[in-house]
Amino acid sequence: LTDLAAIDPELTVLRDTAALLDDPGLVTPALKLMENAAVNEALRQADADAEGPLPFISRMIQGDTVESALRTVDLLLTAISE
């Protein structure tokens with residue numbers, strides 16, 4: 001967590017992801033992911049010519065792309081199970 005604290009001293013990311021950390025099956029993988037130096041470096045990199053991973057994911061969530069994809073998967077799973 002020291003790397004995360006250096007990036008985010010107020011631990012906003014940790015607070016925002018508390019639901020993930022509340023799930024016993026996800027807490028260890030989530031913490032390992034947050035402490036991974038390569039992941040942290042990739043998330044921090046910004047390139048003026050290319051959109052980084054966090055803005056891309058945020059845009060997909062805000063534009064309802066993720067919700068539409070999940071609805072489609074749910075519809076397909078329902079159709080397959082019938």
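Quick caveat: nothing in here was measured; it's all calculated off a predicted structure. Along the sequence shown, the residues carry numbers beginning at 1.
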Original post:
Which other residues belong to the hydrophobic cluster containing I80, where Ile, Leu, Val, Met, Phe, Trp and Tyr are joined when side-chain heavy atoms lie under 4.5 Å apart, directly or via other members?
Top reply: none
Original post:
Should L70 and F56 be counted in the same cluster of Ile, Leu, Val, Met, Phe, Trp and Tyr side chains packed under 4.5 Å apart?
Top reply: yes
Subject >> Any pair counted as salt bridge (Lys or Arg N to Asp or Glu O under 4.0 Å), so long as it reaches residues 71-80, sequence neighbours left out >> reply: E67-R71
